[in-house]
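Quick caveat, the model's predicted, so the values are computed rather than measured.
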Amino acid sequence: MERDSLCSSSRFTGHPLAAAAMASAEAHLEVEALPHISDGDMNEIRAAVEKGDLTAAATKAQEILANEEQIQLHIAVTGESGSGKSSFINAMRGLQDHEEGAAELGVMETTMECSPYPHPQHSHVTVWDLPGIGTPSCTPDTYLKQVHFDHYDFFIIISSSHFTQNAATLAKEIQAQGKRFYFVCSKVDQDVSNERRLYNEEGVLKAKGKQATETRSQRYDEMAVLLRIRQDCERKLARLGIRSPQVFLVCRDDFSMKYDGPRLLQTFLDDLPSEKKLSFLQCLAITSREVLRKKKEELMKYVWLKSLASCGASAVPIPSLSTAVDIAILVTSLKEYCRTFGLSEESLQKLAEQVNKPVKELTDGIKTPLDHEITKDLVIKLLTKSIGGAAKNLPFLLKSIPTFLGPIGSLVSAAMAFPTTFFLLRNFLSDAADDAERVLQKALEGTTQKSHLWS
């Protein structure tokens, strides 16, 4: 089913220059904001553009995009048996414990085998289940070598009760070798539930003869409980020699939306090198406006590159456009935008189940087509309606593309494929991000998560 608003001619053919400039500002994208591309690749594109060889420039753009798709992200998770490693790994991959491909629960560790669990929709991201340090088959001084330390981008050290000396020793070794680690306290919902039982329905301490203390107030305060748990973990780690430890409290259910789950995922993203941010963002659930903004910002960096790639040797003439584009690249790109923003039937169904709301309630008002609705015919229709807006807004186009491609202005006048696809991709991406924000807002309405996530 087509979304009338997205496919309307007013959206794509009459796009005024002022509105386009505003869209650029809203995207928080500066001209200098570029994807991670080597100087050598940039120089090859520049040389081809300066020669007026759009096909050669497009071929190089396709090569760069293909290489980007090969970037791998490997996340190591270690902890003792019973710490909740398997459930945490499943939560990181957006899977319930019973779903196909989920890490098996309750498996006792008897070997040093490291088990890979690729993300079900984004196989370039793999979460690894590492044996717990301190098992009979390994010791802290040999652990990193045995688990092939260099293979992983960062480490998560998980515990459901307290962090041991082995965990602290491992963290020091990881840090000494120049990689990041994160302490995660799992099953915190159980700790919160146990604490809540000490209070009556009105939230008043009910234990006979029990008095309020510095660590337990007369009235129930969940934030105070979480703070106490976090500070207790951090004090113990400090005593084990970890400087300024930071502990993240998480639970299995609503992992990405509850307790420190959103902050943990945001920290991963902030700490990753630029060339791996998009890989992580693509599989990251949208739990806040900040995550949504970063997804949009990162994807927007690639719009000019995808537009250039669509002008390559595989481009075919489009009826009524008097230009040629590679439709397959555009179909793939629009589908990628939908999946990255959770605009697929599967993602929306999972979100609806998570917040206990009907799918239709979340999708009412969505203007962009969903992932499965993106077809060759739809893309051709959108291209037809984009060419007018592209032609009218060439000055904006020339300000929006990277400065090193200045000579492309002469190519634009000879071939409308580049500006047409540029405006199509940019507008679709902005619409998809707007729809994702509407979906998230509806998902969080009436929930306790809204106050700390919707910021």
Please determine whether ring pair (Phe, Tyr, Trp, His ring centres under 6.0 Å) holds for the pair F183 and F163, giving the CA-CA distance in whole Å, both sets of side-chain angles, and the decisive distance to 0.1 Å.
CA-CA 9 Å; F183 288 115; F163 293 97; 5.0 Å; yes

Electrostatic pair [X]-[Y], nearest N-O below 4.0 angstrom:
X: K350; Y: E99; result: yes
X: K367; Y: D431; result: no
X: D189; Y: K258; result: no
X: R196; Y: E201; result: no
X: K360; Y: D364; result: yes
X: D232; Y: K236; result: yes
X: E195; Y: R228; result: yes
X: E297; Y: K301; result: no
X: K60; Y: E63; result: yes

Looking at [X] and [Y], would you say the former's side chain and the latter's main chain have a donor-acceptor pair under 3.5 Å?
X: R235; Y: R230; value: no
X: S307; Y: F422; value: yes
X: K357; Y: K442; value: yes
X: N200; Y: V204; value: yes
X: K85; Y: L130; value: yes
X: D371; Y: R339; value: no
X: R438; Y: I366; value: no
X: K376; Y: V331; value: no
X: D326; Y: S310; value: no
X: T126; Y: P116; value: no

Sort and list the pairs that fulfil side chain to side chain donor-acceptor pair (under 3.5 Å) and have at least one residue in residues 175-184, not counting sequence neighbours.
Y182-D271

Can you tell me if CG on N194 sees more than 12 non-hydrogen neighbours from other groups inside 6.0 Å?
yes

Got more than 12 heavy atoms from elsewhere within 6.0 Å of CG, N356?
no

Contact summary for M92 and V127, nearest pair of heavy atoms
CB-CG2, 4.4 Å

Non-hydrogen side-chain atoms of L378 and P369 separated by less than 4.5 Å
yes

Qualifying salt bridge (Lys or Arg N to Asp or Glu O under 4.0 Å) pairs, either residue in residues 149-162, two or more places apart:
D153-K276

Return the orientation label for the W128 and H151 ring planes: parallel under 30°, perpendicular over 60°, tilted otherwise.
perpendicular

Evaluate L343 against Y337 for side-chain contact (heavy atoms from CB on, under 4.5 Å), listing each step before the verdict.
CA-CA 8 Å; L343 300 178; Y337 296 162; over 6 Å; no

Walk me through whether S38 and D41 qualify under side chain to side chain donor-acceptor pair (under 3.5 Å).
CA-CA 5 Å; S38 69; D41 286 340; 3.3 Å; yes

Take F149 and F155 through the ring pair (Phe, Tyr, Trp, His ring centres under 6.0 Å) test and state the conclusion after the steps.
CA-CA 9 Å; F149 170 82; F155 290 75; 5.3 Å; yes

Which residues pass the ring-ring contact (aromatic ring centres under 6.0 Å, His included) test with H119, not counting sequence neighbours?
H122

